[in-house]
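Reading through the structure tokens given below for one structure.
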Amino acid sequence: MHKKRHPLIILLTIFIFFLSILFYFTDSLNFKIGGASALLVLPILTAFSMFNSPLASFFTGLACGIFMDSCMLGAFGFNAVLLMLIGVFVSLTSNNLFNKNIWASLVLSFIVSLFYFVMHWVFFHTANVTIKDNLIYLLKYAFPSAIYSAVFIIVFYYIFRHFNKIKSE
């Protein structure tokens, strides 16, 4: 079955990614509970990658990462590389190892979110603070943020599954 290109779906997808990054960096729509904050681009990229090819996921992750790096002081390609790898990983695992169902999306979203926040901790926090401060960061911000971000996959999974059905018709 050949998938068609639908300009409206492409525009909606770009708009969803753009808004999630914009809201995260401008704090205009604050998704925080306690010390945890949701990085919505992670579940969105996970949902997108589940229903698209590794190549499309590669370029989408790269584009989102470059945009995030341009907004983040001192990132120097961190998000571009990480989101690119995440997009390809999710696409390959959902196409080869997991079924494309809500439970698989929750697992993948949690793995991706945990990976992102741990890598962020390794690259930006470990060298500058004490062991106690590192543990506080991991336990009060990184792990809760990974869980909180992963929960949003439920909404985006159904959106991108619907987009996939439209493209397959």
Side-chain angles (χ1 to χ4, degrees), residues 10-94 105-157 159-160:
I10 294 169
L11 286 174
L12 283 172
T13 301
I14 292 168
F15 184 69
I16 290 169
F17 277 108
F18 177 75
L19 280 182
S20 72
I21 295 169
L22 185 70
F23 287 152
Y24 183 75
F25 284 106
T26 61
D27 286 334
S28 53
L29 188 61
N30 200 347
F31 289 111
K32 289 188 177 182
I33 295 179
S37 64
L39 181 55
L40 293 180
V41 75
L42 295 173
I44 295 170
L45 182 60
T46 301
F48 174 85
S49 297
M50 284 186 75
F51 297 104
N52 285 283
S53 70
L55 188 62
S57 301
F58 173 92
F59 285 114
T60 303
L62 182 63
C64 289
I66 289 170
F67 187 58
M68 286 178 65
D69 286 336
S70 69
C71 298
M72 194 172 150
L73 187 63
F76 303 117
F78 171 80
N79 290 303
V81 171
L82 217 54
L83 293 181
M84 176 188 63
L85 291 173
I86 285 170
V88 171
F89 168 77
V90 170
S91 181
L92 288 173
T93 55
S94 68
S105 70
L106 279 166
V107 169
L108 282 171
S109 185
F110 177 70
I111 290 169
V112 161
S113 297
L114 188 61
F115 176 72
Y116 179 87
F117 283 106
V118 168
M119 288 294 106
H120 192 272
W121 167 70
V122 166
F123 282 94
F124 295 107
H125 297 282
T126 55
N128 299 335
V129 294
T130 65
I131 292 174
K132 180 183 175 187
D133 290 335
N134 276 317
L135 286 174
I136 290 171
Y137 177 83
L138 281 173
L139 297 175
K140 289 196 174 189
Y141 177 74
F143 293 138
S145 292
I147 293 167
Y148 188 37
S149 295
V151 169
F152 282 94
I153 188 70
I154 296 167
V155 173
F156 298 115
Y157 169 82
I159 290 171
F160 285 103

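We use all heavy atoms of the structure for the numbers below, so side chains are in, but hydrogens, waters and symmetry mates are not.
- Contact check for L83 versus L42: side-chain heavy atoms found under the 4.5 Å cut-off.
- The environment of F76 atom CZ is sparse: at most 12 non-hydrogen atoms of other residues, nucleotides or ligands sit within 6.0 angstrom.
- When the side chain to side chain contact (heavy atoms under 4.5 Å, CB included) test is applied to F115, the partners found at least two apart in sequence or on another chain are L82, I86, M119.
- The local environment of CG in L11 is crowded, with over 12 non-hydrogen atoms from other residues, nucleotides or ligands closer than 6.0 Å.
- Shown here are the side chain to side chain donor-acceptor pair (under 3.5 Å) partners of S105, two or more places apart in sequence or in another chain: there are none.
- Of the inter-residue distances, the one linking C71 atom SG with I66 atom CD1 reads 12.0 Å to the nearest 0.5 angstrom.
- Residues Y137 and H120 form a side-chain contact, since some pair of their non-hydrogen atoms from C-beta on lies under 4.5 Å apart.
- Not counting sequence neighbours, the partners of Y116 by the ring pair (Phe, Tyr, Trp, His ring centres under 6.0 Å) test are F78.
- Using cut-offs of 30° and 60° on the angle between ring planes, the pair F48 and F160 is perpendicular.
- Of all heavy-atom pairs between N134 and H125, the closest is OD1-O, 3.4 Å.
- No donor-acceptor distance shorter than 3.5 angstrom exists from the side chain of S149 to the backbone of A146, with no hydrogens or angles considered.
- Scanning both residues, S91 and N52, for their nearest heavy atoms gives OG-O, 2.8 Å.
- Of all heavy-atom pairs between L22 and T26, the closest is O-OG1, 2.7 Å.
- Evaluation of the ring pair (Phe, Tyr, Trp, His ring centres under 6.0 Å) rule for F156 yields no partner, not counting sequence neighbours.
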Listing, residues 54-65 side-chain donor-acceptor contacts under 3.5 Å, not counting sequence neighbours, or none:
from, atom 1, to, atom 2, distance (Å)
S57, OG, S49, OG, 3.2
S57, OG, S53, O, 2.9
T60, OG1, A56, O, 2.7

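- Checked by atom type and distance alone, the side chain of T93 pairs as donor or acceptor with a backbone atom of V90 at under 3.5 Å.
- A heavy-atom distance below 4.5 Å is found between the side chains of F17 and L45.
- Heavy-atom minimum distance, A38 versus F152: CB-CE1, 3.6 Å.
- Between atom CG of residue L106 and atom CD1 of residue I153 there is a gap of 7.5 Å, rounded to the nearest 0.5 Å.
- For an aromatic pair to be called close, the ring centres must be under 6.0 Å apart, and F110 with F143 fails this.
- Judged as a side chain to side chain donor-acceptor pair (under 3.5 Å), and not counting sequence neighbours, the contacts of Y141 are S37.
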